[in-house]
Protein chains: 2
Amino acid sequence: MKVSTKARYGFKFMIHLALNYNIKLVQIREVSVSEKISSKYLEQIAMSFKIAGLVKVTRGAKGGYTLSRTPKEITLLEIITAAEGNLVLTDCIESSDFCQKKDDCIMNKLWVDLNNHITDYLGSKTLQDIIS
Amino acid sequence: MKVSTKARYGFKFMIHLALNYNIKLVQIREVSVSEKISSKYLEQIAMSFKIAGLVKVTRGAKGGYTLSRTPKEITLLEIITAAEGNLVLTDCIESSDFCQKKDDCIMNKLWVDLNNHITDYLGSKTLQDIIS
DNA sequence: ATTATACTCTACTTAAACAATAGGAATTGT
DNA sequence: ACAATTCCTATTGTTTAAGTAGAGTATAAT
Ligand code: FES
Ligand code: FES
């Protein structure tokens with residue numbers, strides 16, 4: 001149970017975007033230097049956010065990224081999901097016949113409950129909460 | 001963010017012990033067959049629980065494992081901790097100077113809060129809750 | 001138009017962690 | 001003595017995370 005660097009770096013990236021929201025476009029290089037993250041790696045992470053629709057992109061010179069919604073409208077769950085994929089503590093949360101006895105596996109409820117707890121928590125916090 | 005098989009298998013093992021608490025000793029082989037888990041792997045997991053003081057062991061023929069406390073006195077957090085080590089979503093939760101700017105890293109609080117959320121939840125549930 | 005800037009796409013490599021296997025030693029009941 | 005069962009620890013195999021690399025595309029400024 002760890003948070004990946006992709007998600008952690010991703011958060012830093014999104015925080016930069018949030019802090020510059022409605023002020024200016026943010027470039028990969030800028031975040032890469034200030035946070036000491038490989039710019040090539042950060043590019044890939046930024047791409048995930050683009051695909052998830054969390055950021056708007058302007059290509060070419062003077063281009064960069066900005067949030068596609070206000071910081072208040074972007075939850076931490078959306079960010080971590082964009083970076084790591086759906087939050088699924090155990091496969092039996094999504095797919096059946098995982099531990100060969102899903103139907104009567106008394107542990108299934110535990111994992112589902114815990115998973116919901118975490119997603120509820122992350123879904124209730126927004127980027128705005130973090131930067132303020 | 002995944003739960004390891006060690007923890008999942010470990011839970012199954014502990015549930016067997018809980019269901020047989022004050023009834024009989026439980027052997028690795030028994031759980032291994034019924035849950036279709038490699039017995040050699042399960043041995044290692046059982047060893048972690050022994051080290052953590054969650055189970056009592058009787059060696060030799062007719063030996064086996066039993067809980068060292070009642071199912072109600074063993075939290076899920078203790079189990080997952082014994083299996084996976086301390087629950088630490090990001091290293092900056094335990095050690096400082098992790099992301100080079102811990103002191104003013106606004107993300108630190110987020111991880112600590114989320115970590116506490118999860119440990120509180122798991123610490124509030126017991127083996128008894130699962131088997132009943 | 002040309003150039004510099006910055007994002008896009010895809011493939012590859014490396015390193016670490018997870019998962020599982022293996023085999024013999026020690027202990028105990030019969 | 002012998003069988004059952006845990007104990008110990010080394011090794012191997014597999015998967016995923018993390019990072020590197022480089023050519024390609026779009027745009028602004030000049
Ligand atoms: S179905 Fe998830 S642990 Fe059994
Ligand atoms: S100190 Fe944990 S993310 Fe910065």
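The sequence lines fix the lettering, A, B, ..., with proteins before strands; numbering per chain opens at 1.
- Distance B:Lys6 NZ to C:dA20 C1': 10 Å, rounded to the nearest Å.
- For A:Tyr65 and A:Phe13, the ring centers sit closer than 6.0 Å to each other.
- Contact between the side-chain N/O atoms of B:Tyr41 and the OP1/OP2 oxygens of D:dG13 is not found at any separation under 4.0 Å.
- B:Thr5 pairs by the side-chain hydrogen bond (donor to acceptor under 3.5 Å, both in side chains) definition with B:Tyr41, not counting sequence neighbours.
- Applying a 4.0 Å cut-off to non-hydrogen atoms, the residues of residues 43-57 of chain B that approach DNA chain C are B:Gln44, listed by residue number.
- Residues satisfying the side-chain hydrogen bond (donor to acceptor under 3.5 Å, both in side chains) criterion with A:Asn20, sequence neighbours excluded, are absent altogether.
- For the pair B:Leu42 CG and D:dC8 P, the interatomic distance rounds to 16 Å; values are reported in whole Å.
- One interatomic measurement links the two molecules: OH of B:Tyr65 to P of D:dA4, which rounds to 17 Å at whole-angstrom precision.
- Between B:Arg29 atom CZ and D:dA4 atom C1' the separation is 10 Å, expressed in whole Å.
- The aromatic rings of A:His117 and B:His117 are tilted relative to each other, their planes meeting at an angle between 30° and 60°.
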Short N/O separations, protein against nucleotides 28-30 of chain C, under 3.5 angstrom:
{"unit_1": "C:dT28", "atom_1": "O2", "unit_2": "B:Ala61", "atom_2": "N", "d": "3.1"}

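- One atom, CG of B:Asp91, and another, P of D:dA18, lie 11 Å apart when rounded to the nearest Å.
- Within 6.0 Å of NZ on B:Lys72 lie no more than 12 heavy atoms contributed by other residues, nucleotides or ligands.
- Under 4.0 angstrom from either OP1 or OP2 of D:dA18 there lies at least one side-chain N or O belonging to A:Thr5.
- Remark: C1' of C:dA26 and CD1 of B:Ile28 are 16 Å apart, rounded to the nearest angstrom.
- One can place CE of B:Met1 at 14 Å from P of C:dC18, the figure rounded to the nearest angstrom.
- Evaluation of atom-type donor-acceptor distances gives a pair under 3.5 Å for the side chain of B:Lys40 against the base of C:dG24.
- Rounded to an integer number of Å, the gap from CZ of A:Arg8 to C1' of D:dG19 is 14 Å.
- The side chain of B:Ser38 places an N or O atom within less than 4.0 Å of a non-bridging phosphate oxygen (OP1 or OP2) of C:dT21.
- Shown here are the salt bridge (charged side-chain N to carboxylate O under 4.0 Å, His left out) partners of B:Lys24, two or more places apart in sequence or in another chain: B:Glu30.
- Distances shorter than 4.0 Å separate none of the side-chain N or O atoms of A:Tyr9 from OP1 or OP2 on D:dA17.
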Evaluate the side-chain contact (heavy atoms from CB on, under 4.5 Å) criterion for residues A:Ile118 and A:Met1: first the C-alpha distance (whole Å), next the side-chain angles of each, then the deciding distance (0.1 Å), finally the verdict.
CA-CA 12 Å; A:Ile118 298 175; A:Met1 268 186 103; 4.2 Å; yes
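- If A:Val26 and A:Lys2 are placed on DNA chain C by their nearest nucleotide, the residue sitting closer to the 5' end is A:Val26.
- Under the 4.0 Å criterion applied to side-chain N and carboxylate O atoms, B:Lys125 and B:Asp129 are not assigned as salt-bridge partners.
- Considering only residues two or more places apart in sequence or on other chains, A:Glu73 meets the side chain to side chain contact (heavy atoms under 4.5 Å, CB included) condition with A:Arg69, A:Thr70.
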